[in-house]
2 protein chains.
Amino acid sequence: MPELPFTLDQLRILKAIAEQGSFKKAADLLFVTQPAVSLQIQNLEKQLNITIFDRGGRKALLTEAGQILLEYCQRILNQCDEACKAVEDLNSLKGGTLIIGASQTTGTYLMPRMIGLFRQKYPDVSVQLQVHSTRRTGWSVANGQIDLAIIGGQLPSELENLLQIAPYATDELALVLPSKHRLSKEKELAKEDLYTLNFVTLDSQSTTRKVVDELLRNSGIEIQRLKIEMELNSLEAIKNAVQSGLGAAFLPVVSIERELASGTIHKPLMIDLGVKRELKLITNPSRYTSKASEAFKRDILPQFSSFKTI
Amino acid sequence: MPELPFTLDQLRILKAIAEQGSFKKAADLLFVTQPAVSLQIQNLEKQLNITIFDRGGRKALLTEAGQILLEYCQRILNQCDEACKAVEDLNSLKGGTLIIGASQTTGTYLMPRMIGLFRQKYPDVSVQLQVHSTRRTGWSVANGQIDLAIIGGQLPSELENLLQIAPYATDELALVLPSKHRLSKEKELAKEDLYTLNFVTLDSQSTTRKVVDELLRNSGIEIQRLKIEMELNSLEAIKNAVQSGLGAAFLPVVSIERELASGTIHKPLMIDLGVKRELKLITNPSRYTSKASEAFKRDILPQFSSFKTI
DNA sequence: ATTTTTGATTAACAATTATTTATAATTTAT
DNA sequence: ATAAATTATAAATAATTGTTAATCAAAAAT
């Protein structure tokens, strides 16, 4: 290896001698014997072809070359200390960045609360939330651009082997009605009742809509028999439409928590309807897991998986 | 020794891998085997308790911690390179400072020419000239505040053992006359002629004057018989007085070179007058000799000692 | 002035650490 | 699937570094 003309230990010794004014005291400070100090300085002087200290007098004094070297030495050692601190901060979660991926719905309604909790616990870790399609999110995790993600959809099969996919929570898609809808008075609805309703749905292009349709089909609902009153392009718009009495909708429970609590939207009981999908936590097992990512999985995810929503 | 969490070699390896994107290529670049690189990075990761590279993929990619560390790493290695360069410059006399001591006369008339020559040869070495009494100059050399000095006077005896004192040149104190003085026509003067002259001398307080008197006494001149016309406080003032025809004077030859050449001052031959003193080069043998100081002694002093003046 | 003490160097030895060689495990490319 | 390439691991060797002990030099104290 094309050798460097000095080592950090040598610089540390140099600094100690300069501060203490003596080889002996420097040795004591560094908990080594005094010959070790002498030897290292001799090596340093040999390697750099300079004299660093004028010894002999009662004090070890720096030569001009020594003074010049000391200045660099101090800068270098300071940088080293800073580097250590930065790494320690990273380890103790006093720094660093956590990048989380999510789908539209989780990203809008669930992740903000999780991230809020996380940042409350680790205020020095900055968090980025990237809301993308399941597909793109999956690739981002594979590439390491995202530390972890929660997805609902199906990943491309190539990714299924590459990624660690863990069931995380159950996403319930709830039928909701305007509060003053005639059926809101009923104690429980049956599947057949659905066909009497007018629906407000997501844009038929959207992937989420496709997932919703798929889930409904799997629950034994003939979607072509459902009457679509309106197609909108955001959950918020749909919520507003429902609240205005324009029709019924299937919405993730998390997205309407506030409205259910305040009674502006009604969620009737439907015993025989299990419109659910598994939400999965995906991570990349072949990649380094940051401390922040570990902390998120350990401290934040469990609290929300008990929700069993979205 | 309270250990540092990393070595410069480890940082160098880290940087090489980051640049090359591969452990293997980094190993080739550094002329070591690949396991050496692997092990060093493993040690580094262990010591800092972080993962630095995501390996396994086609490329060794930096983790977040790795990126942070790399930044410090680059700064540190840059400082190291700079330190090396600074030291090399010092060795090759492309930097550094030379501090020279001198007495009033040498400092005024001789050293400026020497220093001019030195700086012509080593333009990047800055030179300081400190003009002080012999006594103070001697102590400065002893302390290492001055690299070398040329003195004419006698050093305090305590210093004579401490310092290296080498005869350097002979200082001739010449009798000079106004060019149109009656005695300027004579081919050669005798001691007795001196008592017919009016002298312009240095202030009787000054140490230099005392040295001059001492030298004259040693040459067998009865100074109390010399007529003192005027006492001035600088050699330049005396020179001007002589040129103006106000009287004769004893002056160091170097201080009147220009005037002798242009004929505005006359220096008569005096066979039996040997008003000389040894100029000595003093250095501190127990102290480190800088490259600049070596170069000055080697390259500059010899040229001027042939002058046999001052 | 001589002794005592303190600090620095030198040399031999012990211990640690790094490097190499050889090999295995993975991964990418053909 | 096989070949080529990259990284990891293990054992042996080489190199470095620190320690102790002995020596030397200088300063302080008697």
Side-chain angles (χ1 to χ4, degrees), chain A residues 1-14 16-47 51-63 66 142-144 158 161-162 284-288, chain B residues 1-14 16-47 51-63 66 142 158 161-162 284-288:
Chain A
M1 180 141 57
E3 282 179 12
L4 283 170
F6 48 77
T7 69
L8 286 177
D9 277 333
Q10 287 171 338
L11 295 188
R12 235 150 55 96
I13 291 172
L14 160 58
I17 299 172
E19 281 168 359
Q20 305 289 320
S22 144
F23 281 41
K24 179 71 166 57
K25 284 180 191 150
D28 293 343
L29 190 75
L30 298 171
F31 302 106
V32 287
T33 55
Q34 178 267 333
V37 169
S38 279
L39 273 276
Q40 285 298 340
I41 293 298
Q42 280 171 23
N43 288 342
L44 187 53
E45 290 182 324
K46 232 176 281 169
Q47 285 162 33
T51 305
I52 296 174
F53 289 103
D54 269 330
R55 41 280 236 196
R58 46 152 81 308
K59 262 192 176 181
L61 285 174
L62 284 166
T63 63
N143 298 336
E158 319 112 81
N161 314 314
L162 240 71
N284 187 337
S286 73
R287 272 212 148 235
Y288 151 76
Chain B
M1 179 141 58
E3 284 180 11
L4 284 170
F6 48 78
T7 69
L8 285 177
D9 276 335
Q10 287 171 339
L11 296 188
R12 234 152 53 99
I13 292 172
L14 160 57
I17 299 173
E19 280 169 358
Q20 304 289 320
S22 145
F23 283 41
K24 179 70 167 59
K25 285 179 190 153
D28 293 342
L29 190 75
L30 299 171
F31 302 105
V32 288
T33 54
Q34 170 271 321
V37 169
S38 279
L39 292 197
Q40 285 298 344
I41 293 298
Q42 281 171 21
N43 288 343
L44 186 54
E45 289 182 324
K46 233 177 276 168
Q47 285 163 37
T51 304
I52 296 174
F53 289 103
D54 269 331
R55 38 284 235 194
R58 44 153 81 313
K59 263 191 175 179
L61 285 173
L62 284 165
T63 63
E158 319 113 84
N161 314 315
L162 240 69
N284 187 336
S286 72
R287 272 212 148 234
Y288 151 74

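Chain naming here is simple, since letters A, B, ... match the order of the sequence lines and numbering starts at 1 in each. All values below were derived from every heavy atom in this structure, side-chain atoms included, with hydrogens, water molecules and symmetry-related copies excluded.
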Q: From CD1 of B/Ile41 over to P of D/dT6, roughly how many Å is that when rounded to an integer?
A: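 Whole-Å distance recorded here is 17 Å.
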Q: Name the residue from A/Leu61, A/Leu44, A/Leu14 that meets the side chain to side chain contact (heavy atoms under 4.5 Å, CB included) definition with A/Phe53.
A: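 Answer to the side chain to side chain contact (heavy atoms under 4.5 Å, CB included) test with A/Phe53 among A/Leu61, A/Leu44, A/Leu14: A/Leu14.
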Q: Quick one: CG on A/Leu30 to CD on A/Gln40, what's the gap to the nearest 0.5 Å?
A: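 Nearest 0.5 Å value for the CG-CD distance: 10.5 Å.
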Q: Within the structure shown, what part of the strands sits under 4.0 Å from B/Asn43 by heavy-atom distance: base, sugar-phosphate, or nothing?
A: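 If one applies the 4.0 Å heavy-atom cut-off, B/Asn43 turns out to touch the sugar-phosphate alone, with no base involved.
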Q: Looking only at heavy atoms, what is the nearest atom pair of A/Ala18 and A/Leu62, with distance?
A: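 So the minimum-distance heavy-atom pair works out to CB-CD1, 4.0 Å.
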Q: Output the rounded distance in Å from CD (B/Gln40) to P (D/dT9).
A: 15 Å
Q: For the residue pair B/Ile17 and B/Ala60, what are the closest heavy atoms and their distance?
A: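 For B/Ile17 and B/Ala60, the tightest heavy-atom pair comes out as CG2-CB, 4.0 Å.
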Q: B/Lys24 NZ to C/dT28 P: how many Å, rounded?
A: 18 Å
Q: If you compare every side-chain N and O of A/Ser38 against the phosphate oxygens of C/dT9 (OP1, OP2), does one of them come in below 4.0 Å?
A: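 Yes, within the criterion.
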Q: Give the rounded distance in Å between these two atoms: CZ of A/Phe6 and P of D/dT17.
A: 14 Å
Q: Would the base of D/dA8 count as contacting B/Gln34 through its side chain, where contact means a donor and an acceptor less than 3.5 Å apart?
A: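 Check passes, donor-acceptor contact within cut-off.
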Q: Do the side chain of A/Thr63 and the main chain of A/Ile52 share a donor and acceptor less than 3.5 angstrom apart?
A: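 Yes; judged by distance alone, with no hydrogens or angles, the pair exists.
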Q: How many Å lie between CG on B/Leu39 and P on C/dT21, as a whole number?
A: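 Nearest whole value for this atom pair: 14 Å.
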Q: What is the distance from CZ of A/Phe23 to P of D/dA26, rounded to the nearest Å?
A: 15 Å
Q: Starting from the 5' end of DNA chain D, give me the residue, A/Gln10 or A/Pro35, whose nearest nucleotide shows up first.
A: A/Gln10
Q: Under 4.0 Å: is that the gap between some side-chain N or O of B/Thr33 and OP1 or OP2 of C/dT21?
A: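 No, no such contact exists.
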Q: Which whole-number value in Å describes the distance from A/Asp54 CG to D/dA26 C1'?
A: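 A/Asp54 atom CG is separated from D/dA26 atom C1' by 15 Å.
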Q: Report yes if at least one side-chain N or O of A/Arg55 is closer than 4.0 Å to OP1 or OP2 of D/dA25; otherwise report no.
A: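 False: A/Arg55 side-chain N/O out of range (4.0 Å or more) of D/dA25 OP1/OP2.
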Q: Less than 4.0 angstrom between a side-chain N/O of A/Gln42 and OP1 or OP2 of C/dA8, yes or no?
A: no
Q: Whole-Å distance between C/dT19 P and B/Asp9 CG?
A: 7 Å
